[in-house]
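Scroll down for the structure; my scribbles are underneath it.
No hydrogens, no waters, no symmetry mates; every other heavy atom, side chains included, goes into these values. Note that this is a predicted model, so its numbers are computed, not measured.
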Amino acid sequence: MTLWRLEWLRLIRTRRLVAVLGAYVFFGLTGPLTARYLSEILGRLGTGGVRVEFPPPTPADGVAQFTANASQIGLLVVVLVAAAALAFDARREMAVFLRTRVRGAAPILLPAYLVTTGAAAAGLVLGALAAWYETAVLIGPLPAGPMLAGMACGALFLAFAVALTALAAALTRGVLATAGATLAVLLAVAAVDGLTGAPWLPTRLAGAMEELVRGGPGAGLGLLPCAGLTAALAAGALTGAVLLATRREI
């Protein structure tokens, strides 16, 4: 059995694939639903005689609900699944089994990284397609170009997040420590993004789908520098993970 098949079987039999796909599809189905019926829901809850008026929802609002949930809870699920796959040194038996069959850490890390990234990207695409369909049915049609470009940006951001998880796994040993370190870095980057509004930070890609649909500053080729930097950081993090994991003793 190759390590590629081993990683695929681990992803399926541990139900990590179901967790990733299920989270994104759930948010894809419920996001536009929430945007469409939010005013009715709040009206039925009762506001003590105060009537709250919301403007009619636009198709971009349906996408916004999906990207907000996908970039937070969806990302959390991806990081936890990636940490479980990439922190193979956390269990000594697993580390001995894998490291005694290949030379170096690259043949172990690359299958785990690519299989996990592929599952995360597939979940994002399925969720975005579900949100696209529901938005078109409940609110109105969405432009195809920005939606497809937004999916590509989101998949690139997830590739960066998984590479960051691989680097954290090489610096720590436990699954929870790996996930915690990764989330801390991502939260720090998101905080800097929120405070400075820097257009080149990787976290910008997490919400690119909404920005592109609304025709924001990132429309056209505005996100290309951010995408280039994110790809470079992902490659750097993965290279660092391979070098550090190769030097580590069991």
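In this structure, A90 and R173 approach most closely via the heavy-atom pair CB-O, 2.9 Å. The two residues A161 and T182 make their nearest non-hydrogen contact at O-CG2, 4.0 Å. Smallest separation of non-hydrogen atoms from T135 and P32: OG1-CG, 3.3 Å. Counting all heavy atoms, side chain and backbone alike, A119 lies closest to L11 at CB-CD2, 3.6 Å. When all heavy atoms of A245 and A170 are compared, the closest pair comes out as N-CB, 4.1 Å. Of all heavy-atom pairs between F27 and A70, the closest is CD1-N, 4.5 Å.
Within the 4.5 Å cutoff, no side-chain heavy atoms of F160 are placed close to those of T203. With contacts defined as side-chain heavy-atom distances shorter than 4.5 Å, the pair L75/L158 qualifies. Proximity of T2 to W8: side-chain heavy atoms (C-beta onward) are nowhere separated by under 4.5 Å. Inter-residue side-chain proximity for C153 and M209 is flagged as unmet; no heavy-atom pair is nearer than 4.5 Å. Under the 4.5 Å side-chain criterion, counting only non-hydrogen atoms from C-beta, Y24 is not in contact with V125.
Atoms CD1 and CD, on I108 and E7 in that order, are 9.5 Å from each other to the nearest 0.5 Å. The CG atom of L238 lies 11.0 Å from the CG atom of L164; values are rounded to the nearest 0.5 Å. Within the model, atoms CG of L229 and CG of L201 stand 8.0 Å from one another, a figure rounded to the nearest 0.5 Å. Taking CG from D193 and CG from L187, the interatomic distance works out to 12.5 Å, rounded to the nearest 0.5 Å. Within the model, atoms CG of L205 and OG1 of T230 stand 4.5 Å from one another, a figure rounded to the nearest 0.5 Å. In this structure, CD on Q72 lies 10.0 Å from CG on L76, to the nearest 0.5 angstrom.
Cluster membership for V79 and L171, using ILVMFWY side-chain heavy atoms within less than 4.5 angstrom, is not shared. There is a path of hydrophobic side-chain contacts, each under 4.5 Å, that joins I73 to V25. Under a hydrophobic clustering in which Ile, Leu, Val, Met, Phe, Trp and Tyr are joined whenever their side-chain heavy atoms come within less than 4.5 Å, directly or via other members, L98 and W4 fall into the same cluster. Cluster annotation: V115 and V175 are assigned to distinct hydrophobic clusters (Ile/Leu/Val/Met/Phe/Trp/Tyr, side-chain heavy-atom contacts under 4.5 Å, transitive). If you chain together hydrophobic residues whose side chains sit under 4.5 Å apart, L167 and F157 never meet in one group.
A donor-acceptor pair under 3.5 Å links the side-chain atoms of T67 to the main chain of A64, judged by distance alone. A donor-acceptor contact shorter than 3.5 Å is absent between the side chain of T116 and the backbone of Y113.
A salt bridge between E134 and R36 is absent, with no side-chain N of the basic residue lying under 4.0 Å from a carboxylate O of the acidic one.
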Run the side chain to side chain contact (heavy atoms under 4.5 Å, CB included) test on L124 and V78 for me, step by step, so that the C-alpha distance in whole Å, both residues' side-chain angles and the decisive distance to 0.1 Å come before the verdict.
CA-CA 10 Å; L124 175 69; V78 168; over 6 Å; no

For F26 and N69: C-alpha separation, side-chain torsions, deciding distance, then whether side chain to side chain contact (heavy atoms under 4.5 Å, CB included) applies.
CA-CA 10 Å; F26 175 77; N69 291 324; over 6 Å; no

For the pair F97 and L6, evaluate side chain to side chain contact (heavy atoms under 4.5 Å, CB included) and give the outcome as yes or no after the intermediate values.
CA-CA 12 Å; F97 174 81; L6 176 63; 4.2 Å; yes

Between R214 and V63, does a side chain to side chain contact (heavy atoms under 4.5 Å, CB included) hold up when you go through it step by step?
CA-CA 10 Å; R214 292 188 187 278; V63 175; over 6 Å; no

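The number of heavy atoms from other shown groups lying within 6.0 Å of CG (L243) is above 12. Under a cut-off of 6.0 angstrom, the local environment of CH2 in W200 is sparse, with at most 12 non-hydrogen atoms contributed by other residues, nucleotides or ligands. For R101, the CZ atom counts as densely surrounded, since its 6.0 Å shell holds more than 12 non-hydrogen atoms of other residues, nucleotides or ligands.
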